[in-house]
Protein chains: 2
Amino acid sequence: MRAEVAAIVGDLVLEQGYERTTVDHICAAAGISRSTFFRYFPSKEDALLGGVADSGETLRDALAARPEDELPWVAVRRALQPLIDRYAADDERVRRLTRLMMTTPALLARHQEKNARWYELLRPEVARRLGADVDDRADPGPQALIGAALACVQATLTVWSANPSSGSLSDILDRAMGVVGPVG
Amino acid sequence: MRAEVAAIVGDLVLEQGYERTTVDHICAAAGISRSTFFRYFPSKEDALLGGVADSGETLRDALAARPEDELPWVAVRRALQPLIDRYAADDERVRRLTRLMMTTPALLARHQEKNARWYELLRPEVARRLGADVDDRADPGPQALIGAALACVQATLTVWSANPSSGSLSDILDRAMGVVGPVG
DNA sequence: GTCAAACATGGGACACAGTATCAGAACCGG
DNA sequence: CCGGTTCTGATACTGTGTCCCATGTTTGAC
């Protein structure tokens, strides 16, 4: 049921854009009331993006599983692979929704807000691999490295979703992260 | 007049937080009507952040002025100096407002939305310095590098605004960008 | 000095997201 | 059949932001 409404939201949004799709439209199309909609989803953004599982924990575990002697930047690149694969495995619909997400300010903001949790999640392991004090909040290093990596992911998704023939996500991410640091 | 209202907004927001400060409160404190407020500022966020001049063009010109043989990452670091100095020159009020901006999701989102313009602004020069095709939209490199640098700036501002005794902004930015790439 | 055009302000209605409360319907186990 | 839980819808509310219109108030032309 929840998934059904989410699918309708995706359809409507792909059809007429995000801002022009009001909650009332969605409710009318789904045959439910506003009350019910907001019981299923905390917000309109979540109805659209909530389907994408939050991979924060996955990412953290993948990073912790990388070999100790790998350079931090390389380890992060490798840890991002499962995340990337989840996008790549999907079809044209995902690409169009991703494009919508990257080009709609409200959606991009929400996406980044969701990812803000990843900073705290990844910080300990990144700090450890950088040889920094894990509890030192005055060290910008870990946050900078995580933010840089996420910026590369965002650049990757932007290019991939905008250019149908730009190659595999994995290759684009290699190029993106290769420009910033060694992906060895 | 506009500046006067903006100052009141800053006061109220520093006093009781951003969400709890409604436009009605501001109007009452400033002795104007809602209509007038929204003629001065397009939104509540802009009333608070609009005072910070948009340094996109400054940043672009500073980057273009860097020596040709500098590594791109180093050139960007140097080009960011004027931006950083603008923060550092100011007083405790700026630090508190910055902290508010980094910790309030709505404000951080607006800030990043404003900075989104910088990508297009800086892309040509960064692409050139990377030896890439300036018009190739399928190359994630320039966007990745710019995003990584801005992530370092954000990490810097976060640490600086949260820790009163964390040193100069310039030093923090050096540490942040040094972790990601060579700052020469 | 007068008239008119421009502008600034305020008021009120509206659209939309999101919250809270309450009332009834469907469903369950006993 | 009953009592409770959960699902649902209706209503009203807060807050941001837009739009339109009715006021001044200033400015400039004649």
Side-chain angles (χ1 to χ4, degrees), chain A residues 1-52 54 97 100-101 103-114 116-117, chain B residues 1-52 54 97 100-101 103-114 116-117:
Chain A
M1 182 65 188
R2 196 172 179 277
E4 189 179 333
V5 176
I8 292 178
V9 173
D11 290 344
L12 288 179
V13 164
L14 279 180
E15 203 177 305
Q16 53 187 338
Y18 179 74
E19 275 85 3
R20 271 195 302 275
T21 305
T22 72
V23 174
D24 284 337
H25 294 160
I26 298 167
C27 293
I32 60 175
S33 72
R34 276 172 47 89
S35 312
T36 304
F37 176 84
F38 280 110
R39 178 184 346 284
Y40 285 158
F41 308 99
S43 73
K44 197 171 75 159
E45 282 105 339
D46 277 84
L48 187 61
L49 302 180
V52 183
D54 190 343
L97 282 172
L100 207 70
M101 191 178 71
T103 55
T104 306
L107 289 179
L108 186 56
R110 191 62 151 222
H111 180 242
Q112 289 173 340
E113 190 181 329
K114 283 184 71 174
R117 203 174 56 90
Chain B
M1 182 66 191
R2 196 173 179 275
E4 191 180 331
V5 176
I8 293 177
V9 173
D11 290 342
L12 289 179
V13 163
L14 279 179
E15 204 176 302
Q16 51 188 337
Y18 178 75
E19 275 86 3
R20 271 194 302 275
T21 305
T22 72
V23 174
D24 285 338
H25 295 161
I26 297 168
C27 292
I32 60 176
S33 70
R34 274 173 46 88
S35 310
T36 303
F37 176 85
F38 280 111
R39 181 189 338 290
Y40 285 159
F41 309 99
S43 73
K44 198 172 71 159
E45 283 106 337
D46 278 82
L48 187 63
L49 304 180
V52 183
D54 188 342
L97 282 173
L100 208 70
M101 192 177 71
T103 55
T104 306
L107 290 178
L108 186 56
R110 191 62 151 219
H111 181 242
Q112 289 173 340
E113 191 180 327
K114 282 183 71 175
R117 204 175 57 89

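Note that the structure is a prediction, hence the values are computed from the model and not measured.
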Visitor: Write down the distance between CZ (A:R20) and P (C:dC16), rounded to a whole number of angstrom.
Guide: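 The answer, rounded to whole Å, is 12 Å.
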Visitor: Show the nearest heavy-atom pair for residues A:G10 and A:L48, with the distance to one decimal.
Guide: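 Closest heavy-atom pair between A:G10 and A:L48: CA-CD1, 3.9 Å.
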Visitor: Under 4.0 Å, heavy atom to any atom of DNA chain C: which of residues 2-9 of chain B qualify?
Guide: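 When residues 2-9 of chain B is checked for heavy atoms under 4.0 Å from DNA chain C, there are no hits whatsoever.
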Visitor: Classify A:E19 by what it touches in the nucleic acid, base, sugar-phosphate, or nothing, heavy-atom distance under 4.0 Å.
Guide: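 No contact.
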Visitor: My understanding is that only residues two or more places apart in sequence, or in another chain, count here; which of them pass side chain to side chain contact (heavy atoms under 4.5 Å, CB included) with A:E4?
Guide: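 Partners of A:E4 by the side chain to side chain contact (heavy atoms under 4.5 Å, CB included) criterion, ordered by chain and then number, come out as A:M1.
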Visitor: If the condition is side chain to side chain contact (heavy atoms under 4.5 Å, CB included), which residues does B:E113 pass it with, not counting sequence neighbours?
Guide: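 A:P105, B:R110.
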Visitor: Ignoring hydrogens and geometry beyond distance, is the side chain of A:R34 in donor-acceptor contact with the base of D:dG9 at under 3.5 Å?
Guide: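 Between D:dG9 and A:R34, which were checked side chain against base, a qualifying N/O pair under 3.5 Å is absent.
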Visitor: First locate atom CG of A:L108, then atom CD of A:Q112, and finally report the distance between them rounded to the nearest 0.5 Å.
Guide: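 Rounded to the nearest 0.5 Å, the CG-CD separation comes to 4.5 Å.
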Visitor: For residues B:L49 and B:H111, report the shortest heavy-atom separation together with the two atoms involved.
Guide: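 Heavy atoms only, the tightest pair is CD1-N, 4.3 Å.
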Visitor: Search all heavy atoms of A:V13 against all heavy atoms of A:T21 and return the closest pair with its distance.
Guide: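 Minimum heavy-atom contact is CA-OG1, 3.8 Å.
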Visitor: Among pairs that include at least one residue of residues 5-17 of chain A, which meet salt bridge (Lys or Arg N to Asp or Glu O under 4.0 Å), considering only residues two or more places apart or in two chains?
Guide: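 Output for this query lists A:D11-A:R93.
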Visitor: Can you run down the ring pair (Phe, Tyr, Trp, His ring centres under 6.0 Å) pairs that involve residues 27-49 of chain A, sequence neighbours left out, and say none if there aren't any?
Guide: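 For residues 27-49 of chain A: A:F37-A:F41.
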Visitor: Check each residue of residues 21-30 of chain B for a non-hydrogen atom within less than 4.0 Å of any atom in DNA chain C, then write out the ones that pass by number, or none.
Guide: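 The answer is none.
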Visitor: For the residue pair A:A47 and A:A6, what are the closest heavy atoms and their distance?
Guide: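 Of all heavy-atom pairs spanning A:A47 and A:A6, the closest is O-CB, 3.8 Å.
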Visitor: Nearest whole Å is fine: how far is C:dC16 C1' from A:F37 CZ?
Guide: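 Checked: the CZ to C1' distance equals 13 Å.
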Visitor: Between the protein and nucleotides 24-27 of chain C, list the N/O to N/O atom pairs that are separated by less than 3.5 angstrom.
Guide:
none

Visitor: Show your working on side chain to side chain contact (heavy atoms under 4.5 Å, CB included) between B:E19 and B:T104 and close with a plain yes or no.
Guide: CA-CA 9 Å; B:E19 275 86 3; B:T104 306; 3.7 Å; yes
Visitor: Applying salt bridge (Lys or Arg N to Asp or Glu O under 4.0 Å), can you list everything that pairs with B:R117, at least two apart in sequence or on another chain?
Guide: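 In terms of salt bridge (Lys or Arg N to Asp or Glu O under 4.0 Å), with neighbours along the sequence ignored, B:R117 is linked to B:D54, B:E57.
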Visitor: Calculate the interatomic distance between A:D46 atom CG and C:dA17 atom P; express it in whole Å.
Guide: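 The distance from CG of A:D46 to P of C:dA17 comes to 14 Å, rounded to the nearest Å.
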Visitor: Please report, rounded to the nearest Å, how far the C1' atom of C:dA17 is from the CZ atom of A:F41.
Guide: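 These atoms are roughly 16 Å apart.
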Visitor: Report for the helix from C:dG1-D:dC30 to C:dC27-D:dG4: angle between first-end and last-end helix axes, five pairs each, rounded to 10 degrees.
Guide: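 Rounded value for the end-axis angle: 10°.
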Visitor: For residues 27-35 of chain B, run the donor-acceptor check on the side chains, cut-off 3.5 Å, and write out each pair with its distance to 0.1 Å, sequence neighbours left out.
Guide:
unit_1 : atom_1 : unit_2 : atom_2 : d
B:S33  : OG     : B:T36  : N      : 3.3
B:S33  : OG     : B:T36  : OG1    : 3.1

Visitor: Rounded to whole Å, how long is the line connecting atom CZ of B:F38 with atom C1' of C:dC14?
Guide: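 Rounding to the nearest Å, CZ of B:F38 and C1' of C:dC14 are 14 Å apart.
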Visitor: Going by the rule side chain to side chain contact (heavy atoms under 4.5 Å, CB included), which residues pair with B:T22 if we only count those two or more places apart in sequence or in a different chain?
Guide: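 For B:T22, the residues satisfying side chain to side chain contact (heavy atoms under 4.5 Å, CB included) (neighbours in sequence not counted) are B:D24, B:H25.
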Visitor: Is there any protein nitrogen or oxygen under 3.5 Å from a nitrogen or oxygen in nucleotides 5-8 of chain D, and what are the pairs?
Guide:
unit_1 : atom_1 : unit_2 : atom_2 : d
D:dT8  : OP1    : A:Y40  : OH     : 3.2
D:dT8  : OP2    : A:Y40  : OH     : 3.1

